[in-house]
Amino acid sequence: MDNLLIFSTASELIRISPKALVYVAAGGNYSTFKLVNGTEYIQTLQLGHVENLIAETPGLEANSFIRIGKSLIVNNDFISYINPAKQKIILSDGSTFRYELSASKEALKTLKEYIEKRRFTNE
């Protein structure tokens with residue numbers, strides 16, 4: 001069984017399989033968790049705290065989730081399209097869901113270069 005991502009606040013707790021989490025978007029002190037089945041959870045957690053909780057999850061590869069700029073963490077497995085000039089990223093599994101999101105040109109350019117580099121270095 002996958003190690004579950006666990007996010008907890010004073011009032012609630014959610015457990016999510018890393019394979020089910022598509023992205024986390026920030027909105028001030030809130031984070032919105034979007035799952036492959038369309039479910040959405042909103043918790044009073046800042047994105048930096050979410051990023052730390054993901055990094056501390058045992059058994060999860062370091063590059064499974066990537067932070068993009070100030071407001072987005074994405075599941076690396078679902079990145080299907082990046083266009084820095086249009087400030088657009090598409091996350092999809094190729095058949096059941098497709099989410100189009102915006103991010104800064106600089107952040108997407110850095111992400112694109114990172115993915116291209118990994119392709120050749122197998123890091």
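Aromatic ring centres of Phe78 and Phe97: separated by under 6.0 Å.
Residues Ile54 and Ile66 fall into different hydrophobic clusters, defined by Ile, Leu, Val, Met, Phe, Trp and Tyr side chains chained together at heavy-atom separations under 4.5 Å. Using a 4.5 Å cut-off between side-chain heavy atoms of Ile, Leu, Val, Met, Phe, Trp and Tyr, with links allowed through other members, Val74 and Ile115 fall into the same hydrophobic cluster. Note on Val50: it does not cluster hydrophobically with Tyr23, by side-chain heavy-atom contacts below 4.5 Å among ILVMFWY residues. The hydrophobic clustering, which links ILVMFWY residues whose side-chain heavy atoms are closer than 4.5 Å, places Ile68 and Ile79 together. Residues Phe33 and Val36 are members of separate hydrophobic clusters, defined by side-chain heavy-atom contacts under 4.5 angstrom among Ile, Leu, Val, Met, Phe, Trp and Tyr.
Arg67 places none of its side-chain heavy atoms less than 4.5 Å from the side chain of Leu72. Side-chain atoms of Leu4 and Ser17, non-hydrogen and from C-beta on, do get closer than 4.5 Å to each other.
A salt bridge links Lys112 to Glu116: one of the charged nitrogens lies within less than 4.0 Å of a carboxylate oxygen.
Rounding to the nearest 0.5 Å gives a distance of 9.5 Å between CG of Leu108 and CG of Leu101. For the atom pair CZ (Phe7) and OG (Ser31), the distance works out to 8.5 Å, reported to the nearest 0.5 Å. In this structure, CD1 on Ile90 lies 13.5 Å from OH on Tyr99, to the nearest 0.5 angstrom. Leu5 CG to Thr57 OG1: the interatomic distance, rounded to the nearest 0.5 Å, is 4.5 Å. The CD1 atom of Ile82 sits 10.5 Å away from the CD atom of Glu113 when rounded to the nearest 0.5 Å. Note that the CD atom of Gln46 and the CG atom of Asn52 stand 11.0 Å from one another [nearest 0.5 Å].
In this structure, the side chain of Thr110 engages the main chain of Glu106 through a donor-acceptor pair within 3.5 Å. Under the 3.5 Å distance criterion, the side-chain polar atoms of Asn76 are left unmatched by any main-chain donor or acceptor of Phe65. In this structure, the side chain of Asn75 engages the main chain of Pro18 through a donor-acceptor pair within 3.5 Å.
Closest heavy-atom contact between Ser92 and Ser80: CB-OG, 3.8 Å. Of all the heavy atoms in Ser8 and Gln43, the pair that sits closest is N-OE1, 4.1 Å. The heavy-atom pair separating Arg118 from Asn63 by the smallest distance is NH2-ND2, 2.6 Å. The two residues Ala26 and Lys70 have their closest heavy-atom pair at CB-O, 4.2 Å. For Ile6 against Arg15, the heavy-atom pair with the smallest separation is CG1-CG, 3.9 Å.
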Next item on the list: Take Arg98 and Glu100 through the test salt bridge (charged side-chain N to carboxylate O under 4.0 Å, His left out) and record every step on the way to the result.
Entry: CA-CA 7 Å; Arg98 181 183 184 276; Glu100 187 173 314; 3.5 Å; yes
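In Tyr41, the OH atom is not crowded: 12 or fewer heavy atoms of neighbouring residues, nucleotides or ligands sit closer than 6.0 Å. More than 12 heavy atoms of other residues, nucleotides or ligands sit less than 6.0 Å from atom OH of Tyr81. Glu61 CD: 12 or fewer foreign heavy atoms inside a 6.0 Å radius.
Remark: Lys86 engages Asn83, Lys88 in a side-chain contact (heavy atoms from CB on, under 4.5 Å) (not counting sequence neighbours).
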